[in-house]
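Accompanying notes for the structure given below.
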Amino acid sequence: MKFCTVKQYFDDENNNNVTNGIATTVIPLPNKHLKIKANNKEMEQYEQELLRNVMPQELTKLILAANYLNFKEALDFFCRTVANAIQNKSVDYVRKFFGLESDFEPGEEEKLCKEFAWSFEGVDED
Amino acid sequence: MDGESSWINHCLDETVREFGEFDSFSELNDEGNTEATAVSVDLILPDDLLERILAYLPIASICRAGSVCKRWHEIVSSDSYAYDPTLRKWYGFELPDIKPDCFIASSCGLVGFMDNDSRSELYVCNPITKRSKKLVEPPGSKFSDYSALAISVDRISHVYTITVVKSKQVPGNFFQWDIAIHIYDSETRMWTTPLTEVFGGWRGGDESVICDGVLYFLIYSTGNGAPENRHGLIAYNLSSCFSHSLLKRSFIPVPCPLTCGRLMNLKGKLVMVGGIGKQDRADIIKGIGIWLLNGREWQEIARMPHKYFQGFGEFDDVFASSGTDDLIYIQSYGAPALLVFDMNQKQWRWSLKCPVTKRFPLQLFSGFCFEPRLEIAP
């Protein structure tokens with residue numbers, strides 16, 4: 001039963017894995033899902049709203065929360081949303097999105113860029 | 001199902017009462033932030049979740065993701081990775097080890113190349129990961145007159161099978177041809193030759209494909225048969241036990257006079273794209289048709305509308321065609337224009353203009369289809 005973890009979450013007072021704020025985003029999702037399951041357009045709009053109003057870090061938290069709550073639909077949805085946000089974007093954009101820094105040795109990154117030069121064509125401007 | 005949804009609604013109502021109405025995400029965000037400072041949350045996504053995100057990306061984005069940082073590079077390059085890309089752009093690919101004018105066959109992420117000279121040098125590679133492997137030479141005569149190459153990859157085990165159908169004219173006899181089927185198994189890394197036979201009145205060519213464990217190859221009449229008998233199809237089950245009478249057992253006539261035929265595997269079924277020849281002059285192309293093989297019967301799927309036929313400009317009686325999944329690509333050897341037929345929607349359309357340009361009059365173009373997969377290795 002997919003909402004076992006949800007119930008468990010509410011029973012478990014000292015839950016550090018999911019902040020209250022995140023839970024309130026994740027939990028209304030099944031309600032929305034049930035209402036608009038067949039309606040792709042609405043889900044797309046919901047996704048756009050999410051991307052506009054929620055910071056990348058929050059999206060990461062949403063993914064972790066959905067994973068912890070064992071909520072597959074929400075997990076797939078948030079992962080897809082993040083993928084759509086970084087699709088066709090530059091490497092620097094992706095780094096900023098996830099708050100990452102390059103830890104390659106000097107020259108290593110250039111080597112990769114050369115090896116996969118074809119994949120760097122036509123990338124969106126930052 | 002009903003029980004579940006009512007439990008959910010009950011649970012949600014309770015939540016809403018507890019936290020108040022949260023329709024606006026910006027409100028939620030503020031709440032989230034203040035909560036976050038009080039409670040520590042590990043923001044680093046574990047590998048499996050990162051893989052989930054990357055799995056939704058088109059292949060170019062996945063390859064670039066490998067340049068983000070070392071950890072991402074590890075994940076992108078790891079063998080256990082799988083994805084489903086939608087490729088909608090032309091890319092300038094550099095194919096490893098490929099010589100111009102060689103035989104090409106592809107299946108599920110792997111591409112097989114066979115040189116056109118000796119027809120004995122075989123390479124298998126994954127064009128995306130750039131890993132390639134040279135195979136031990138197939139047995140049989142080194143310089144056959146015709147060779148047909150096909151490859152089939154098992155999606156689950158990643159074991160692949162390669163077949164080479166060699167045809168050699170019996171010395172001094174135009175009518176009779178030595179046909180041999182050689183099969184390579186990537187697990188045993190060995191070639192076997194389950195069948196050799198002399199065909200009377202027919203020879204093999206260079207068109208073959210494996211669908212669902214059956215090797216199909218086109219044969220060509222060497223006698224003075226009627227135009228509709230110029231081409232024929234052989235369907236050889238790769239797990240067969242018989243080693244002779246192939247022509248008698250496995251021959252399937254083609255649906256009409258063909259100028260040329262191209263075979264492809266679309267979702268496990270054999271599809272043939274054929275140039276339709278005139279009744280009295282079968283070497284003149286008057287149209288292009290697409291047929292699906294159901295058992296031993298051909299089902300006509302589509303004919304290319306005249307406007308597209310004319311859109312190629314000069315159209316030889318032979319052309320290149322390949323396909324995968326639901327899409328068939330047709331291309332004239334004389335130009336890099338690519339026509340696409342969608343099997344699902346039964347629609348024809350031109351693909352995006354290819355960046356390759358024709359530099360001199362006799363330059364020939366040919367392409368092949370392959371399914372980009374990161375996790376399959378030669």
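Numbered from 1 within each chain, the chains take letters A, B, ... in sequence-line order.
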For the student: nearest non-hydrogen atoms of [X] and [Y], plus distance:
X	Y	value
B:Leu149	B:Ala105	O-CB, 3.7 Å
B:Ser61	A:Asn88	OG-N, 3.0 Å
A:Ala66	A:Leu75	CB-N, 3.7 Å

Leading residue by heavy atom contact count with chain B [cutoff under 4.5 Å; candidates A:Ile63, A:Leu112, A:Asp103]: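 Top option by heavy-atom pairs under 4.5 Å: A:Asp103.
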Contact class of [X] relative to chain B, heavy atoms under 4.5 angstrom:
X	answer
A:Glu108	side chain
A:Gln87	both
A:Asn67	side chain
A:Asp76	both

Any donor-acceptor N/O pair, A:Arg95 side chain to B:Val68 backbone, under 3.5 Å: yes
A:Phe98 and B:Trp72 aromatic ring geometry - parallel, tilted or perpendicular at 30°/60° bounds: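 Perpendicular: the ring planes of B:Trp72 and A:Phe98 meet at over 60°.
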